[in-house]
Number of protein chains: 2
Amino acid sequence: MSTKPKRALSGCPIDYALSVLGDRWSLLIIRDIAIKGSKTYADLLDGWEGISTNILAQRLRHLEENGVIRKRKNPANWRSSLYELTPKGRDLAPLLAELVLWGGKFNDARDPKTETYASVRSDRQGFERKILGEESA
Amino acid sequence: MSTKPKRALSGCPIDYALSVLGDRWSLLIIRDIAIKGSKTYADLLDGWEGISTNILAQRLRHLEENGVIRKRKNPANWRSSLYELTPKGRDLAPLLAELVLWGGKFNDARDPKTETYASVRSDRQGFERKILGEESA
DNA sequence: ATTTTTCACTTGCAATATGCAAGTTTATAG
DNA sequence: CTATAAACTTGCATATTGCAAGTGAAAAAT
């Protein structure tokens, strides 16, 4: 997925989804917010995969422009911002679950992180509900 | 997703999944094979989005190396090859369904293609079964 | 009062990836 | 022989990525 596709979208829902999410980083950022509980720019910068700061900023902007995440001031510490999923972003919960299931099933990494995979397998409903939270705006 | 990530994978199942599928084209190719029924290189070349030939070749190689698709000779017409999903590729059926549902729900294209979205909504089981086919090797 | 630290980015630049057009290969059909 | 078809490959200009360093604004430390 590209962040700003030059070509027109085809109208296919998958093409649309990929125009928002289809790159190497967007879904990892969403994972960090949705599953790991990352909230600040600094949290996101030091995720497992080591995204570089310019790419992180660019992707956050793109995801915000596309209504998947939103940025707010931290009420406790005014100088930090908090990133969070919008309802549209929370609606990605089932997609995240499927990604985890497929990735976990075929993952051939030397030292796979099996925790999330196990948790989705044992209680998928719970996993999704945790991300979906209350259905507010 | 990149085709050949230089950086080591983190072990996270999502990171693994994205190392295979996380780019602008791979899932569109898989969609064309799984949903549209494209089988040959030429079929795939003239999909809705207009992938260029070098990128198509590169992605097919990557997907094949990662066990998602396989290439065979066409028994009827020996000089054409047929691309098809492996069991690992067919296991993407639920992920494709979720992509369609999410993409279809939020798609803001001028002229959205709503057919697949409608079909997944009305009969998700049937949609997935059509891709999963018989559970063979 | 000055220096340091923190947070959230931006900027510069080299390396890599993408996209377009044209060319290649192999083999049969006319 | 010449043309056609299928599946790619190659060249090259442009776009995107990634690394390292820098910026700005305000609070905390000295």
Side-chain angles (χ1 to χ4, degrees), chain A residues 1-10 15 18-29 32-33 38-66 69-84, chain B residues 1-10 15 18-29 32-33 38-66 69-84:
Chain A
M1 36 246 65
S2 66
T3 52
K4 281 191 180 175
K6 290 288 154 54
R7 72 171 169 75
L9 299 182
S10 69
D15 190 38
L18 292 177
S19 77
V20 179
L21 309 168
D23 68 278
R24 193 79 182 73
W25 292 106
S26 294
L27 282 163
L28 293 175
I29 293 170
D32 281 355
I33 298 176
S38 301
K39 291 180 187 340
T40 67
Y41 191 91
D43 289 345
L44 292 166
L45 246 194
D46 102 311
W48 292 322
E49 289 87 5
I51 189 172
S52 41
T53 174
N54 53 342
I55 303 297
L56 175 59
Q58 185 184 124
R59 289 296 184 274
L60 287 172
R61 203 179 312 126
H62 179 68
L63 289 172
E64 198 178 1
E65 282 167 4
N66 281 275
I69 63 176
R70 96 168 55 123
K71 184 173 33 169
R72 289 193 323 173
K73 288 285 159 196
N74 185 342
N77 175 358
W78 64 268
R79 65 186 189 166
S80 90
S81 293
L82 300 181
Y83 289 96
E84 59 189 21
Chain B
M1 339 142 175
S2 67
T3 53
K4 279 190 182 177
K6 288 290 153 51
R7 71 171 171 76
L9 298 182
S10 69
D15 190 38
L18 293 178
S19 77
V20 179
L21 308 168
D23 68 278
R24 195 76 183 76
W25 292 106
S26 294
L27 282 164
L28 293 176
I29 292 170
D32 281 355
I33 298 176
S38 301
K39 292 183 190 334
T40 67
Y41 191 90
D43 288 345
L44 292 165
L45 247 194
D46 100 310
W48 293 322
E49 289 87 6
I51 190 172
S52 42
T53 174
N54 54 342
I55 304 297
L56 175 58
Q58 186 186 121
R59 289 294 184 276
L60 287 172
R61 202 180 313 127
H62 180 68
L63 289 172
E64 197 177 3
E65 282 166 5
N66 281 275
I69 63 175
R70 102 170 49 125
K71 183 172 37 168
R72 289 191 324 172
K73 288 287 159 195
N74 184 342
N77 175 358
W78 64 266
R79 65 185 186 166
S80 92
S81 294
L82 300 181
Y83 289 95
E84 60 190 20

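Here is the naming used below: chain letters follow the sequence lines, and residue numbers restart at 1 for every chain. Hydrogens, waters and symmetry mates play no part in the numbers below; they use all other heavy atoms, side chains included.
- Residues passing the salt bridge (Lys or Arg N to Asp or Glu O under 4.0 Å) test with B:Glu84 are B:Arg70, B:Arg72, sequence neighbours excluded.
- The phosphate of C:dT18 has neither OP1 nor OP2 within less than 4.0 Å of any side-chain N or O from B:Trp25.
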Could you run down nucleotides 7-14 of chain C 5' to 3' and tag each one B, S or - for protein heavy-atom contact under 4.0 Å? SSBBBB--

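- Considering only side-chain N and O atoms, B:Trp78 lies nowhere under 4.0 angstrom from the phosphate OP1 or OP2 of D:dA6.
- Atoms CD1 (B:Ile55) and C1' (C:dA21) sit 14 Å apart, rounded to a whole Å.
- Every residue two or more places apart in sequence or in another chain was checked for a side chain to side chain donor-acceptor pair (under 3.5 Å) with B:Asp32, and none qualifies.
- A:Asp43 and A:Ser38 form no side-chain donor-acceptor contact under 3.5 Å, judged by distance and modelled atom types alone.
- Atom P of nucleotide D:dA6 and atom NZ of B:Lys73 are separated by 13 Å, given to the nearest angstrom.
- For the atom pair OG1 (B:Thr40) and CZ (B:Arg79), the distance works out to 12.5 Å, reported to the nearest 0.5 Å.
- If you take CG of B:Asn74 and C1' of D:dA5, they are 14 Å apart, rounded to a whole angstrom.
- Taking atom CG on B:Leu44 and atom C1' on D:dA6, their separation rounds to 13 Å, with Å as the unit.
- Residues B:Thr53 and B:Tyr41 have side chains that bring a donor and an acceptor to within less than 3.5 angstrom of each other.
- Spacing between atom CG of B:Leu28 and atom P of C:dT18 amounts to 13 Å, rounded to whole angstrom units.
- Taking all atoms of both residues into account, the shortest heavy-atom contact from B:Leu63 to B:Val20 is CD2-O, 4.0 Å.
- At whole-Å resolution of the value, CD in A:Glu49 and P in D:dG18 are 12 Å apart.
- Between A:Arg7 and C:dG19 there is no side-chain N or O to OP1 or OP2 distance below 4.0 Å.
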